[in-house]
Each structure stands twice: as C-alpha cells, then as structure tokens.
Amino acid sequence: MKKFIVVLIAALTMTSTAFAQEFYKGGDVTEVNYIEDLGGSYYNQDGVKEDVFKILSDAGMNLARIRLSNNPGKGRGDGVYYLPEGYQDEADCLNLAKRAKNAGMDIQFTFNYSDYWSNGTRQIIPSDWVSKIKSELDYDVKDADFLSGMTAKQRAQIQEKLENIIYDYTYDIMTKLKAQNTLPKYVSLGNEINGGILFPFANTYDADMNRDIFELMFDDKKSENDIKCPMDWEALAAFLNAGYDAVKAVSPDSLVVIHLAEGSKESTFTWFLDKYEAAGGKYDVIGASYYPAWSNNTIETCVEFCNNISKKYDKDILIMETGFNWNETCKNGYPGQLVDIDAYKDIYPPSREGQKGFVTELFKQLQTVDGGRCVGAIYWDPCMIHVEDADGKNLSGWAYNEAEDEVEPNIVENTTLFDFDGKALPVLDAFAKSEKTVTLCFDDSGKLIKVLTNGETPDSPSHKSYKWNRKELTAK
C-alpha cells in the first residue's frame with residue numbers, strides 16, 4: 001500500500017498544472033469594512049447573520065481580491081468626486097487581508113497607485129507622491145500649466161523619481177503584508193492599465209488629458225487646453241518593473257499580474273503585451289476583465305481568448321473582474337452599471353437564477369482552457385450591497401460628490417452576491433469546490449502507466465477511477 005501511494009503521488013506530480021493547481025473562484029472584498037461601518041449586514045442563504053468572509057469561504061470562495069488606494073479622501077479624487085477617507089487605504093487593506101486569510105482564502109492584492117478610481121482613461125498620481133516630487137524636485141505635477149510646458153529634462157527627472165517612489169511604496173506595503181502573514185498569491189500593478197499609469201508620464205498612446213479632472217479625452221471632448229500625454233512604453237515598463245522587483249524582493253513566490261480591460265478581445269492584449277515586452281516589461285500572469293455587458297462576447301469567446309493569448313505569451317490568465325445582474329435594476333430603479341447584456345438576454349436573464357446560471361457556466365468553462373492556463377476568475381464587488389438609513393436614504397455609493405459631500409448612487413448593488421437586504425443569493429452555489437475524476441491506468445503487469453484527469457477514455461487493459469476534490473482522492 002505504501003509503495004502504491006508513493007507511486008500514485010509521483011504520478012500525480014507529473015500530471016498537468018490543471019490537475020495540480022486549484023482553480024480560483026474569487027471575489028473582490030475591498031468594500032466590506034466600508035459597508036459594515038455604514039450599518040450593512042450579511043446573511044447566509046438560510047437568513048442567518050454571519051461574518052461575510054465566513055459566508056463566502058463556506059460557499060467555496062477561495063481567493064479574495066483587495067484593492068489598495070494610496071490615500072483616499074476629500075480633495076484627493078478627480079476634483080469632482082472622491083473616495084471616502086479611511087477605506088481602501090493601507091490600514092483598511094491590511095485588515096481585510098487578515099480577515100481573508102483567517103477565513104482560509106488566498107489573496108489577490110492590487111496596487112492602484114492612485115488615491116481614486118483608476119482605469120484605462122484615468123490614472124491620477126497619488127497626492128502624497130505629488131507632494132514628494134514638489135518637495136524634492138520643486139515640480140508640481142498637478143499643475144496643468146507646468147505639465148503643458150514641461151521640458152524633456154524635467155519629465156525625465158520626474159519619471160526617475162516616480163520609479164523610485166513606486167519601488168519604495170510597493171516594497172513597504174509588501175513588507176507589511178509579510179509581517180502579518182498575509183502575503184498575496186497574486187499581485188497586480190495598477191488597475192486596467194490599457195492606457196498606462198501615472199498620467200502623463202507613462203501613457204501607452206499619445207493622448208489628451210483634461211486639465212481639470214485629469215482624465216483622457218476623445219473626439220469632440222478634446223480641447224486645445226488639454227494636457228498632452230505622449231506615448232512612452234519605456235517609462236511604463238520602468239515603472240512596472242520597479243513594482244515587480246519590489247514584490248519579488250519581499251515575496252519571490254507572489255505572481256505579478258498585468259491587468260487589462262476588454263478581456264476576450266485578443267487585439268487589445270496582443271497590442272499591449274507585444275509593446276510592453278518589447279520595452280522590457282516584466283510580469284508573470286495576464287489579468288483580464290471580462291464582462292459580457294461591455295464586451296457582448298460569450299463565455300465561449302472568452303475561453304477561446306484565454307487559449308490563444310496564454311499560448312502566444314506562455315502565461316497563465318486570471319480573470320480579474322467579472323459580473324452579472326441578479327436584478328434588472330438597483331433598488332431605486334436605476335439600471336446600474338451592467339446594462340445591455342445582449343449576449344445572454346435570452347439565456348440568462350437579469351434574475352437570481354440567471355446570475356447563478358452565468359457564473360456557474362463561466363467557472364465551468366474556464367476550467368477547460370488548454371493546459372489549465374486559466375487559473376481562476378474574480379467576481380467584481382460581490383459585497384457592495386445596498387445600505388440605507390431609517391428614512392430610506394441611500395448610504396452606500398461608488399464615490400462622494402466633492403461639492404456637497406453627498407454619496408453618489410450604488411451602481412453595483414444589483415450585481416452583488418447578496419440581495420438588497422444583504423442575504424446571500426443562489427449564485428453562491430456556483431462557488432462550491434469542484435471535483436475531478438482521476439483514472440489510473442495499468443498495463444498487463446499491473447504497472448501504473450498513465451493518469452487521466454480530464455475524463456478521457458482509458459485505453460489500457462485495466463483502470464480504476466477516483467474522485468479528486470483538489471485535496472484528496474476517494475474511490476468512485
């Protein structure tokens with residue numbers, strides 16, 4: 001028996017990554033402390049109030065995404081909106097990491113490198129970094145006039161300073177994560193960085209940035225007063241390599257993710273990754289946001305995308321964001337963030353069962369990607385539930401208005417994994433741990449010659465099948 005077990009373990013070790021590696025069914029938990037402090041509560045599917053991390057972990061969620069913003073707060077947004085102070089910052093994210101780890105989850109940690117929401121058209125330099133550059137170089141990188149008249153020498157000096165700041169900041173946060181025993185499995189540098197980071201110093205194409213809200217402008221929204229953002233792949237590679245090196249200096253085993261929007265659109269990824277690699281950019285994993293609402297692409301298209309992109313770049317793929325409506329509108333009747341899901345309107349309607357059906361199929365199909373090179377998918381903002389006061393006034397929102405300090409609507413409360421009252425939805429069933437069939441094949445002499453893990457038909461004289469739940473084998 002001992003000999004058989006040793007041989008079996010050896011055989012399993014030699015099988016594909018798809019078999020040995022756990023498929024991650026994750027969720028973004030960044031808003032949890034914010035929601036709870038507003039008075040929001042979470043309930044399991046039986047209606048019992050429980051810690052949300054326990055509910056998610058018990059359901060099978062095994063990866064928690066945590067997004068770090070440098071220093072959110074009033075006056076540190078885009079001039080019109082800001083994120084609430086005390087949340088998504090260092091202390092909050094370190095606390096969330098501990099809660100996730102205590103619930104048995106692995107961690108995906110995102111460095112936004114911004115005090116505010118960042119994406120393909122908005123990458124605002126953190127206010128603390130602006131102050132540091134002002135103090136050490138006497139350049140104000142939030143002054144539109146300075147940016148518009150900046151010399152090549154000044155630009156190079158600022159880029160060198162930013163590269164150093166990125167390294168030091170990333171190293172510091174990673175060190176603190178290590179000190180509390182919550183080192184991440186995956187670390188993403190920036191969020192949906194199709195346009196680059198830290199505008200206007202590391203853009204991926206020549207762009208025009210509005211001087212008031214520091215967001216890229218297109219077509220008729222452009223103005224002659226816009227700040228010019230020159231394409232600079234070398235700067236982008238230098239910035240991200242600084243983050244990469246800092247991560248590896250603290251945690252060599254953490255895998256660094258480059259996260260782009262438009263997942264399932266191959267041309268977006270080949271354009272970016274070809275240029276990034278040519279500039280010397282380093283990374284371990286390709287991250288992609290995939291929403292059928294915004295891409296109108298099916299799960300089959302997403303699987304094909306994963307197959308082609310992972311093969312071309314020889315990298316694993318992690319679906320960093322995905323989501324689906326469980327209700328057609330938010331509680332106030334607003335359509336919410338995800339609209340026009342035409343690809344699935346006749347298959348998975350915006351309902352509780354429709355959401356469950358889509359997520360179940362997505363998780364199942366992503367596990368068929370060739371070589372197991374899709375390592376998982378992370379659900380977007382599963383915990384950003386509706387919270388209101390005693391008078392029915394909404395308390396939870398995506399940002400606060402700078403002028404009135406009023407919260408904006410919650411545009412994802414109809415895509416969460418909990419209903420408007422905080423009760424777990426049927427979609428959580430999709431997160432249950434999956435099992436695989438393992439078939440051991442022997443030759444005529446009884447020697448183990450093959451281990452089949454994907455349901456293939458045995459062609460050997462004898463075989464025996466087992467169930468594999470990613471932790472142990474049990475006979476079928």
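All figures in this text were calculated on a predicted structure; none of them were measured in a lab. Computation of the quantities below employed the complete heavy-atom set of this structure, encompassing side-chain atoms and omitting hydrogens, waters and symmetry-equivalent molecules.
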Looking only at heavy atoms, the pair that brings T270 and I309 closest together is CG2-CD1, 3.9 Å

Between A261 and S289, the two heavy atoms sitting closest are CA-CB, 4.1 Å

Answer whether the closest heavy-atom distance between the side chains of Q108 and K185 falls below 4.5 Å. no

Would you call V52 and V32 a side-chain contact if the rule is heavy atoms closer than 4.5 Å? yes

Could you check whether any side-chain heavy atom of K312 comes within less than 4.5 Å of a side-chain heavy atom of N308, counting everything from C-beta outward? no

Which atom of F418 lies closest to which atom of P382, heavy atoms considered: CD1-O, 3.4 Å

Residue pair Y167 / N241, side-chain donor-acceptor N/O under 3.5 Å: no

Non-hydrogen atoms of V247 and V187 that approach each other most closely: CG2-CG1, 3.8 Å

More than 12 non-hydrogen atoms from neighbouring residues, nucleotides or ligands closer than 6.0 Å to CD on E136, yes or no? yes

Relative to each other, are the rings of W271 and Y205 parallel, tilted or perpendicular (30° and 60° limits)? tilted

Are E402 and Y81 close enough that a side-chain donor and a side-chain acceptor fall under 3.5 Å? no

Answer whether the closest heavy-atom distance between the side chains of V303 and E300 falls below 4.5 Å. no

Are the side chains of N33 and N95 in touch, meaning some heavy atoms are under 4.5 Å apart? yes

Backbone N/O of K54 and side chain of S57: donor-acceptor pair under 3.5 Å: no

Taking atom NZ as the centre, does K311 end up with more than 12 heavy-atom neighbours from other residues, nucleotides or ligands that are less than 6.0 angstrom away? no

In a check of side-chain hydrogen bond (donor to acceptor under 3.5 Å, both in side chains) between Y283 and each of K315, E277, H259, which one passes? E277

According to the interplanar angle, ranging from 0 to 90°, do the rings of Y34 and Y400 count as parallel (below 30°), tilted (30 to 60°) or perpendicular (above 60°)? perpendicular

Any V257 side-chain heavy atom under 4.5 Å of L189 side chain: no

Beyond-backbone contact of F239 with Q159, side-chain heavy atoms, under 4.5 angstrom: yes

Please check if any side-chain donor atom of Y87 sits under 3.5 Å from a side-chain acceptor atom of D37, or the reverse. yes

Using the ring centroid of each side chain, check whether F111 and F109 are separated by less than 6.0 Å. yes

Side chains of Q355 and N325, donor plus acceptor under 3.5 Å: no

Heavy-atom closest contact (L366 atom, C302 atom, distance): CD2-SG, 4.2 Å

May I ask you to check whether Y344 and F358 place their ring centres under 6.0 Å from each other? yes

For residues F146 and Y139, establish whether the separation of their ring centroids is below 6.0 Å. yes

I want to know whether W129 and Y169 have ring centres closer than 6.0 Å. yes

Begin with the C-alpha distance, continue with both residues' side-chain angles, and end with the deciding distance and a verdict on side chain to side chain contact (heavy atoms under 4.5 Å, CB included) for N181 and K178. CA-CA 5 Å; N181 194 32; K178 182 177 182 179; over 6 Å; no

Side-chain heavy atoms of W294 within contact of L338, under 4.5 Å: yes

Centre-to-centre under 6.0 Å for F305 and F269, is that the case here? yes

Do you see a donor-acceptor pair shorter than 3.5 Å between the side chains of Y113 and T170? yes

K364 atom NZ, neighbour heavy-atom count above 12 within 6.0 Å: no

Within a reach of under 6.0 Å around NZ of K248, are more than 12 heavy atoms found that belong to other residues, nucleotides or ligands? yes

Donor on one side chain, acceptor on other, D115 and S69, under 3.5 Å: no

Taking all atoms of both residues into account, what is the closest heavy-atom pair of S396 and I35, and its distance? CB-CD1, 3.7 Å

Would you check if the distance from the ring center of F431 to the ring center of F363 is below 6.0 Å? yes

Suppose we call two aromatic rings close when their centres sit under 6.0 Å apart. Are W380 and Y290 close by that rule? no

Decide yes or no on side chain to side chain contact (heavy atoms under 4.5 Å, CB included) for D405 and Y82, but give the supporting numbers first. CA-CA 9 Å; D405 289 329; Y82 66 92; 2.9 Å; yes

Are the side chain of N112 and the backbone N or O of G190 linked by a donor-acceptor pair below 3.5 Å? no

Step through it carefully: locate the ring centre of W326, locate the ring centre of Y348, and say whether they are under 6.0 Å apart. no

Walk me through it: do N102 and F53 pass the test side chain to side chain contact (heavy atoms under 4.5 Å, CB included)? CA-CA 9 Å; N102 290 339; F53 284 92; over 6 Å; no

Residue pair T30 / D28, side-chain donor-acceptor N/O under 3.5 Å: yes

Say whether E215 and T121, considering side chains only, have a donor N or O and an acceptor N or O under 3.5 Å apart. yes

